[in-house]
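One structure below.
Note that ligands are numbered from 1 as they come in the structure, with each ligand's atoms numbered from 1 the same way. Each residue takes its place number in the sequence, starting with 1. Given the structure is predicted, the values throughout are model-derived calculations rather than measurements.
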Amino acid sequence: MIKSVLQIERAKYAPKMPKALQGNVKIVIGKNTESVADQEEVKKLFPNTYGMPIVTLEAAEGKSDSQSKVLNVGVILSGGQAPGGHNVISGMFDALKKLNPNNRLYGFLGGPSGLVLHDYIELTSEIVEEYRNTGGFDIIGSGRTKLEENEQYDKGLEICRKLGIKAIVIIGGDDSNTNACVLAEYYLQKKSGIQVIGCPKTIDGDLKNEMIETSFGFDTACKVYSELIGNIMRDATSAKKYWHFIKLMGRSASHIGLECALQTQPNVCLISEEVAFNEQTLQQIVDDLVRTITKRAVNNENFGVALIPEGLIEFIPEMKILIEELNELLAEGSATSKAFIAIPTDDDKREYVIKHLSDASGKVFKVLPKGIAKQLTLDRDPHGNVQVSRIETEKLLIEMVEKQLSILKKQGIAKVKFSAQNHFFGYEGRCAVPSNFDADYCYSLGQTAAILIADGKSGYMASVRNTTESSDQWVAGGVPITMMMNMERRNGVMKPVIQKALVQMDGEPFKVFAAHRDEWAIHTSFVYPGPIQYWGPSSVCNAPTKTLQLEQFRK
Ligand code: FBP
């Protein structure tokens, strides 16, 4: 691997750790737990892993008297990349080797499918050294295969037995950790002796709760996007000729958009959860945008920046209904879908769809720009759903704003100069060199996972809390995954799943944003955060996200 100078210097960085992880560790057992909701149902489905206590790692006195028994562990990276994944692995590797130099760490390749297909490598110190403090998941690769069938679990068992693996660590988001818990339960029911530990990953920031303060990667990704947004803001104030519409990744949740807004103070930041809460229509969203653009134009500020969360379209009530109807109409293998595919021209396809939608959805579909309407009929994932991240919401809003402004002009109500640029930030941040926060947090998560394994735990998620304090004050431990679960309808069936954390209207980050956004809309108040700094004053290098600071401040 050819290394950049930054990579060479960054490799020397020793991640900062909580006091408890710096020497000998003892495990302190806390209170037994209950799931966040639907206790009876969740308990029935997880007889072996339900109700376990929260555990905390504390510094132990003296020297450890003996080495632990030899322990082989397998690790899986699941889902979208998030900065810091390599440090979870290096933290785990170091802790395992400290427990017993003969311990081995295996990496399953290409995500959960590696476990099922028996595709793996042993992670040696030479390999791990190459990846310390780097971004990406390329050490073993990632993938989106879901582990949810007994057959897959049994294939996993086979390879674990062959390699003498005693525990598997799944580094993933809410769904992957839900599946980690199902796997833990299955292996316990089978008395297989294989433990499963989860680790909270996702740039989307939607895997958090009372015990998990943040998912790793959110910090770095938001800082990278905020840098880019700040650069665009500076361009906008320099040229004073464009409105920039920037879509930001994050799936359903608007945490990334909200955090970037708190860091950069844009003129507009839409929050999907608020749109759903207020049952706003697409036209109302456009009218609000037009109002801001028009007001700024009065001050000769024909420029601005608007942040748009990736999942917005799903949260606009009429669009949600339209998408549901389209999913039904175009469900793979259905007669209507076959008829649709057989239609040769786009125009006839469009007419066919309109004819088969309800009156209300037909009207919504008709007013959408043709390109967007077509995207809604084409892009479907393997589960038959529209892939909202592929819908160019930023372009849709630009087109609708242009149309609305031209109507206002024709009516003689307002004559506004509007020229727009569109952007989509997602992949730009997912593999960035982890910030100090993510480098430290992930290394500690990896160490914690190894210690939980050595203590025989299964069905736990590694957790590191108190993260707005200096890292030596952080609190490492384990949280039973069942504690985070409730029952939700998925593909028509009620399933136990980890509750996804969306932006809360009464949460401190949203309240702070809401208190300032009217001011930011009209009076240009841009903040340019600049690139992540790895060396320098702590206030610059080690500060966690504003979301984390505001959420923890309230507690
Ligand atoms: P997960 O961490 O939940 O796997 O997803 C992160 C994410 O970056 C989302 O923000 C985005 O919608 C999705 O992955 C894109 O998926 P893909 O990597 O398959 O294009």
Side-chain angles (χ1 to χ4, degrees), residues 76-86 88 110-113 135-138 140-148 170-180 198-209 212 214-226 228 246-260 270-273 307-315 323 375 379-383 385-394 423-432 434 438 441-442 445 461 484 488 490 497-503 545 547:
I76 297 172
L77 289 164
S78 181
Q81 285 67 252
H86 289 160
V88 179
S113 63
F137 277 4
D138 44 322
I140 48 174
S142 186
R144 291 200 182 276
T145 301
K146 287 186 191 300
L147 286 181
E148 42 188 14
I170 299 183
I171 302 173
D174 51 341
D175 283 340
S176 305
N177 274 284
T178 294
N179 295 340
C199 206
K201 169 237 72 164
T202 178
I203 60 161
D204 300 347
D206 57 4
L207 172 47
K208 61 178 169 184
N209 50 53
I212 303 294
T214 187
S215 55
F216 78 76
F218 177 71
D219 186 271
T220 309
C222 287
K223 284 173 179 162
V224 171
Y225 303 143
S226 295
L228 298 176
I246 306 172
K247 184 171 78 168
L248 292 161
M249 255 190 191
R251 270 186 212 285
S252 310
S254 307
H255 297 295
I256 292 182
L258 180 56
E259 172 63 23
C260 292
L270 301 175
I271 302 293
S272 307
E273 293 85 339
L307 306 185
I308 298 144
E310 167 176 88
L312 177 70
I313 205 103
E314 277 182 305
F315 283 75
I323 289 171
Q375 279 172 14
D379 293 315
R380 312 203 105 61
D381 70 11
H383 304 286
N385 297 316
V386 165
Q387 294 191 52
V388 284
S389 64
R390 299 227 192 133
I391 295 167
E392 294 168 316
T393 329
E394 67 286 21
H423 314 263
F424 171 36
F425 296 153
Y427 302 100
E428 292 81 350
R430 294 200 318 184
C431 284
D438 272 328
Y441 183 54
C442 290
L445 283 172
M461 189 184 288
M484 307 168 199
E488 285 178 25
R490 295 281 168 96
V497 291
I498 295 177
Q499 229 176 29
K500 210 183 248 311
L502 297 178
V503 170
T545 57
T547 303

Backbone of S272 reached by a side-chain donor or acceptor of S254 within 3.5 Å: yes
Output the list of atoms in ligand 1 that are nearer than 4.0 Å to some heavy atom of I203, sorted by atom number. 8 (O)
Say whether R144 and ligand 1 are in contact under the criterion: heavy-atom distance to a ligand atom below 4.0 Å. yes
Please list the nearest protein heavy atom to atom 11 (C) of ligand 1 with its residue and the distance rounded to 0.1 Å. E310 OE1, 3.6 Å
Using a 4.5 Å cut-off on heavy atoms from C-beta on, say whether the side chain of N177 contacts that of I170. no
Shortest non-hydrogen pair, E310 vs K247, comes out as CA-CG, 4.0 Å
With a 4.0 Å cut-off on heavy atoms, does G250 reach ligand 1? yes
Do Q81 and Y427 touch side chain to side chain, with heavy atoms closer than 4.5 Å? no
From CA spacing to verdict: side-chain hydrogen bond (donor to acceptor under 3.5 Å, both in side chains), S215, T202: CA-CA 6 Å; S215 55; T202 178; 5.2 Å; no
Using a 4.0 Å heavy-atom threshold (strictly under), name the region of K201 that reaches ligand 1: side chain, backbone, both or neither. side chain
Are any of the heavy atoms in G79 under 4.0 Å away from ligand 1? yes
Among all the protein's non-hydrogen atoms, which is closest to atom 3 (O) of ligand 1, and how far away is it? R251 NE, 3.3 Å
Starting from atom 20 (O) of ligand 1, locate the nearest protein heavy atom and write down its residue, its atom name and how far away it is, to 0.1 Å. Y427 OH, 2.5 Å
Separation of D438 CG from K223 NZ (nearest 0.5 Å): 7.5 Å
How far is atom 2 (O) of ligand 1 from its nearest protein heavy atom, and which residue and atom name does that atom have? T202 OG1, 2.8 Å
Considering only protein heavy atoms, which is closest to atom 10 (O) of ligand 1, and at what distance to one decimal place? D204 OD1, 2.6 Å
Note the single closest protein heavy atom to atom 7 (C) of ligand 1, along with its residue, its atom name and the distance in Å. R430 NH1, 3.5 Å
In Å, rounded to the nearest 0.5 Å, how long is the span from CG of D206 to OG1 of T214? 10.0 Å
With the side chain counted from C-beta on, respond yes when L248 and C260 share a heavy-atom pair under 4.5 Å apart, and no when they do not. yes
